[in-house]
Number of protein chains: 2
Amino acid sequence: MSELKNTSPTSPPAKRSAKASRQNDPCSVARALNDVGDWWSLLIVRQAMYGTRRYGDFQKQLGIAKNILCDRLTRLVNNEVLKKVDIGEHGQRFEYRLTEKGKDLFPVLVALRQWGDKWNREDGDAPVRLVDRRLGLPVQRIQVLDEEGQPLTVSDVLSFNLPEIVAE
Amino acid sequence: MSELKNTSPTSPPAKRSAKASRQNDPCSVARALNDVGDWWSLLIVRQAMYGTRRYGDFQKQLGIAKNILCDRLTRLVNNEVLKKVDIGEHGQRFEYRLTEKGKDLFPVLVALRQWGDKWNREDGDAPVRLVDRRLGLPVQRIQVLDEEGQPLTVSDVLSFNLPEIVAE
DNA sequence: TTGGATTGGTTGCTTTTTGCAACCTTTGTT
DNA sequence: AACAAAGGTTGCAAAAAGCAACCAATCCAA
């Protein structure tokens, strides 16, 4: 009953933009960016991880234009990062919740956050410490690990200085 | 997440471009996205990790417009993700190389790649397997770990369904 | 050493995407 | 019933992206 009735007819002329054209990019990084590769989408996901669920709250907390928010929420729902749930008592009133796919972006957000904390720290700012509930201790630094659990750098895995060994 | 409160209008009555106005965002995710939060920037970094260094190669491999490439490379250099090195013999001829800061985006790219592989796999496609050189074995799935090494989900750390319990 | 191809851009112009404000319809409240 | 709030939509102006043409320096081959 609470259908997304307005998706087709009312959405803008539905262009084939660069974003659409990457839909089938063979590289999964490109396909991931197709889902969440713009500024607002990832911030919306971040906000959803903080507990925000309502349109109006996203709008106020992010300071995003309403039409852009609409567009991004719809896109995130279409990409199954969020689901739109009708929580109305006698009609419709919506919530946008993270799906499993959306929750699974957690390591991406943590990696980005840690990178920002390390390289773009504002002078006075202490980095926000993510603390897990069970132990009450900060989470570990996120890393790429080999089979034996040793941390790996890009040079250990990719050919960033050996152009002839290209992974793709 | 202490910035829950002050993420109210993240953009004040924006006079400058959105990007400039996020420079001093208190959230490190936003600041990270300010450096690499657009489509092309992250793909350029990905390509650099594969070994690409030259303007023309980026252009051909990514199919990006030349003026946009110019702009992004300059921005990445300004943000110290890449460095521009003159490798000319009798004049100038440039290479764009990852800085330490740029190489340190490796976990972000791996997290994105694994997410894309898990959730957006094209039917026939096997995911690209990142293999470390030393062991010749695939890297582990990237995860957020607690102090004891146990994997954590977003619900273990953030308050995505308990808005009142906001992590400090 | 000359002439053509390559590299690394810049310039103008057109198309898309954003941001902003105003407006509109459906709920929820009193 | 009257009014406020939620959740959008619409129209318009400004910014960013894409595209093609052009350009100056450098390298390469004869």
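Values below: all heavy atoms of this structure, side chains included; hydrogens, waters and symmetry mates excluded.
- When the shell of 6.0 Å around CD of B:Gln61 is examined, it contains more than 12 heavy atoms from other residues, nucleotides or ligands.
- If you check every strand for non-hydrogen atoms under 4.0 Å, A:Tyr96 touches sugar and phosphate atoms only.
- Per the geometry, CD1 belonging to A:Ile44 stands 14 Å off C1' belonging to C:dT18, to the nearest Å.
- At least one side-chain nitrogen or oxygen of B:Trp40 sits closer than 4.0 Å to the OP1 or OP2 atom of D:dG18.
- Rounding to whole angstrom units, CZ of residue B:Phe58 and C1' of C:dG9 are separated by 15 Å.
- For the OP1/OP2 pair of D:dA17 and a distance below 4.0 Å, the side-chain nitrogens and oxygens of B:Arg72 include at least one atom meeting the criterion.
- Taking atom CG of residue A:Asp38 and atom C1' of nucleotide C:dT16, one finds them 14 Å apart after rounding to whole Å.
- Counting non-hydrogen atoms under 4.0 angstrom, B:Asp71 reaches nothing in the nucleic acid.
- Counting only heavy atoms from C-beta on, A:Cys70 has its side chain closest to D:dT9 among C:dG9, D:dT9, C:dC20.
- D:dG7 atom P lies 10 Å from atom CG of A:Leu69, rounded to whole Å.
- At least one side-chain nitrogen or oxygen of A:Lys84 sits closer than 4.0 Å to the OP1 or OP2 atom of D:dG8.
- Going from atom CD of B:Glu148 over to atom CZ of A:Arg134 covers 4.5 Å, rounded to the nearest 0.5 Å.
- Put simply, CD1 on B:Ile68 is 16 Å from P on D:dA15, counting in whole angstrom units.
- If you measure from atom CG of A:Asn67 to atom P of C:dC20, you get 10 Å, rounded to the nearest angstrom.
- Ranking D:dG8, C:dG8, D:dA17 by closeness to the B:Phe94 side chain, first place goes to C:dG8.
- Between the CD1 atom of A:Ile64 and the C1' atom of C:dT18 there is a distance of 10 Å, given to the nearest Å.
- A:Asp35 has its side chain within reach of B:Trp115: a pair of non-hydrogen atoms, C-beta onward, lies under 4.5 Å apart.
- With C:dT7, C:dG9, D:dG18 as the choices, the nucleotide that has an atom nearest any side-chain atom of B:Arg93 turns out to be C:dT7.
- Atom C1' of nucleotide D:dA5 and atom OH of A:Tyr55 are separated by 13 Å, given to the nearest angstrom.
- Taken from CG in A:Leu109 to CG in A:Asp104, the straight-line distance is 11.5 Å, to the nearest 0.5 Å.
- For the OP1/OP2 pair of D:dG7 and a distance below 4.0 Å, the side-chain nitrogens and oxygens of A:Arg54 include at least one atom meeting the criterion.
- Rounding to the nearest 0.5 Å gives a distance of 7.5 Å between CD1 of B:Ile44 and CG of B:Asp38.
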